[in-house]
Number of protein chains: 2
Amino acid sequence: MEKVVRSINPHLSVDCVIFGFSTSQLKVLLIQRDYINEEGIPAQDYKLPGDFITTREDLDHAAARTLNELTGLQNIFLKQFAVFGKPDRISRKADLNWLKATTGTDIHRVVTTAYFALINISESDRNYALKNKASWIDVNRVPELAFDHREIMEKGLHHLQNSLRNEPIGFELLPEKFTIRKLQTLYQVILNCKLDNRNFRKKVLKAKYLVQLDEKQEGVAHKPAYFYSFDKITYDHNKKNSLGFNF
Amino acid sequence: MEKVVRSINPHLSVDCVIFGFSTSQLKVLLIQRDYINEEGIPAQDYKLPGDFITTREDLDHAAARTLNELTGLQNIFLKQFAVFGKPDRISRKADLNWLKATTGTDIHRVVTTAYFALINISESDRNYALKNKASWIDVNRVPELAFDHREIMEKGLHHLQNSLRNEPIGFELLPEKFTIRKLQTLYQVILNCKLDNRNFRKKVLKAKYLVQLDEKQEGVAHKPAYFYSFDKITYDHNKKNSLGFNF
DNA sequence: ACAAAAGTGTTTTTAATACACCCATGA
DNA sequence: TCATGGGTGTATTAAAAACACTTTTGT
């Protein structure tokens with residue numbers, strides 16, 4: 001988080017849980033933070049990307065701005081998923097120190113709106129650059145985080161899992177062209193389960209929103225797989241107005 | 001909303017979309033508001049129950065407090081579902097006037113966290129009293145609302161429909177003891193669809209969390225129905241860790 | 001020729017849907 | 001005895017799950 005010149009609203013912030021998928025791992029984008037610990041010694045830890053909102057800024061805009069300032073990306077899948085407003089969510093001395101150092105004012109209570117974002121960080125498609133000491137970290141290897149950011153991250157992960165079960169959002173984490181196996185791996189990793197590849201294939205192809213491309217994998221030491229892409233128009237068109245209930 | 005003596009945080013509020021079910025209608029609890037309209041003339045409309053939060057109050061607490069002050073009820077199903085933070089969400093003159101009149105200060109921007117609540121208002125179980133000009137209004141007959149409360153209400157309704165499909169929350173709207181037909185009607189009304197009664201019965205009884213009581217309806221001019229109750233323990237116990245996906 | 005992942009079909013089981021009549025009660 | 005909503009069973013269709021081998025490529 002950089003020092004801001006425009007006037008900020010010190011009561012309200014946004015935090016982004018930004019997910020990416022690469023090398024068969026689900027990753028989250030974290031920012032390294034330098035702070036002064038309880039003993040007055042400089043230390044480092046991680047935090048979620050986030051920022052205060054400016055005085056007349058929409059929350060969604062603040063989240064998109066945060067993401068854009070960090071990655072340079074625009075038009076990213078971004079969705080509000082929760083608010084964190086416990087009065088003592090900022091109470092550790094290290095956190096209070098850090099806020100004072102970065103904002104220049106004493107800040108005690110901040111209500112933050114959490115967003116989750118999905119980014120395609122595939123090898124082939126790295127048309128963005130990270131700034132601000134940001135790095136992708138495997139969700140299973142997230143270190144201790146600042147504030148209540150662990151809680152926020154975990155709630156975001158839950159949200160991702162839930163959405164993945166009910167909406168076609170997995171594609172947001174993949175490049176334009178992907179193999180069905182990659183999609184399956186993505187489901188397996190995020191939902192933390194094993195899926196039968198024949199049944200998976202059958203299921204996703206029965207719906208009509210995956211279109212097979214002429215292109216195949218190249219240079220792989222096995223039978224090359226076809227690439228597919230997601231056809232959102234077809235999806236929106238045959239979206240079932242599911243009336244059933246499953247509780 | 002009453003004038004508060006304790007110190008409030010004028011940037012943050014909670015609003016509650018409180019649902020109830022009676023006489024086969026889904027209802028929402030609204031508060032009549034007296035305000036001065038654009039022409040300076042006293043007028044009335046409706047708003048959602050809500051309040052500013054106090055300076056060191058948790059958001060969830062503020063929502064529970066709002067609900068309690070209004071109905072006297074405690075331990076009600078209450079869940080945060082969205083934040084509304086557009087900088088111009090309070091912009092109509094009538095709304096600004098009203099805020100000034102009720103709080104005594106000029107307030108322009110308020111970010112509100114919306115909660116939805118489920119209350120059992122069944123005929124038989126009316127162990128609470130409404131205060132503050134509150135009344136139950138059929139969701140299909142909601143008049144114009146203050147601020148962006150219509151948007152909030154509609155998003156809350158969506159949320160209810162979604163939750164109803166995926167979690168056993170319908171019971172929160174019914175008395176302890178209910179007939180299966182009442183439950184079916186509730187689903188039909190909220191999801192706005194028709195369900196086959198044989199299939200409905202089969203489905204809800206296959207799961208094991210409905211327990212038939214010895215008691216039957218009395219004084220009805222037709223074959224009396226058995227009462228059932230929801231067994232949350234059984235539900236939690238066999239909750240399926242659903243791995244499937246349905247998008 | 002071997003390793004590695006891609007791709008394919010059938011059977012079984014389970015869940016969803018469609019559909020029509022008799023039952024118990026109060027008026 | 002009539003009107004009202006309660007309660008039941010079966011057959012059909014669709015979806016999910018289980019399961020093992022052949023194909024194509026690079027090395």
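Chain identifiers are assigned alphabetically (A, B, ...) following the order of the sequence lines, protein sequences preceding nucleic acid strands; residue numbering begins at 1 within each chain.
- Under 4.0 Å is where a charged nitrogen must lie from a carboxylate oxygen, and between Arg33(A) and Asp45(A) at least one such pair does.
- When each of dA16(D), dA5(C), dG26(D) is scored by its nearest atom to the side-chain atoms of Lys223(A), the top-ranked nucleotide is dA5(C).
- Side-chain proximity of Asn197(B) to dA4(C), dG5(D), dT8(D): nearest is dT8(D).
- Separating the CD1 atom of Ile180(A) from the P atom of dG7(C) is a distance of 7 Å, rounded to the nearest angstrom.
- Nearer to the 5' terminus of DNA chain D, by closest-nucleotide assignment, is the contact made by Asn199(A) (compared with the other of Asn199(A) and Pro224(A)).
- Whole-Å rounding puts the Leu205(B) CG to dG7(D) P distance at 10 Å.
- With DNA chain C read from its 5' end, the first of the two nearest nucleotides for Ala225(A) and Arg198(A) is the one closest to Ala225(A).
- Side chains of Tyr226(A) and Asp214(A): a donor-acceptor N/O pair is absent below 3.5 angstrom, by distance only.
- As a whole-Å value, the separation of Asp196(B) CG from dG5(D) P is 17 Å.
- Atom NZ in Lys206(A) sits about 11 Å away from atom P in dA17(D), given to the nearest Å.
- The side chain of Lys203(B) contributes an N or O atom lying less than 4.0 Å from OP1 or OP2 of dA16(C).
- Residue Arg201(B) has its side chain nearest to dT8(D) when only dC23(C), dA16(D), dT8(D) are considered.
- Side chain of Tyr226(B), nearest nucleotide from dG7(D), dA17(D), dG7(C): dG7(D).
- Annotation: dC2(D) and dC22(C) have their C1' atoms spaced 15 Å apart (nearest Å).
- In this entry the distance linking CZ of Phe200(B) with C1' of dA15(C) reads 16 Å, nearest Å.
- If you measure from atom NE2 of His222(A) to atom C1' of dT25(D), you get 8 Å, rounded to the nearest angstrom.
- Across all strands shown, Lys202(B) has heavy atoms under 4.0 Å from base atoms, whether or not it also approaches the sugar-phosphate.
- By the 4.0 Å N-to-carboxylate-O rule, Asp15(B) lies too far from Lys47(B) to be salt-bridged with it.
- Distance NZ (Lys182(A)) to C1' (dA5(C)): 11 Å, rounded to an integer number of Å.
- Rounded to a whole Å, the CZ atom of Phe227(B) is 10 Å from the P atom of dG7(D).
- Below 30°, between 30° and 60°, or above 60°: for Phe230(A) and Tyr235(A) the angle between ring planes is between 30° and 60°, a tilted geometry.
- Contact check on Arg89(A) versus Asp148(A) returns a salt bridge, with a Lys/Arg side-chain nitrogen under 4.0 Å from an Asp/Glu carboxylate oxygen.
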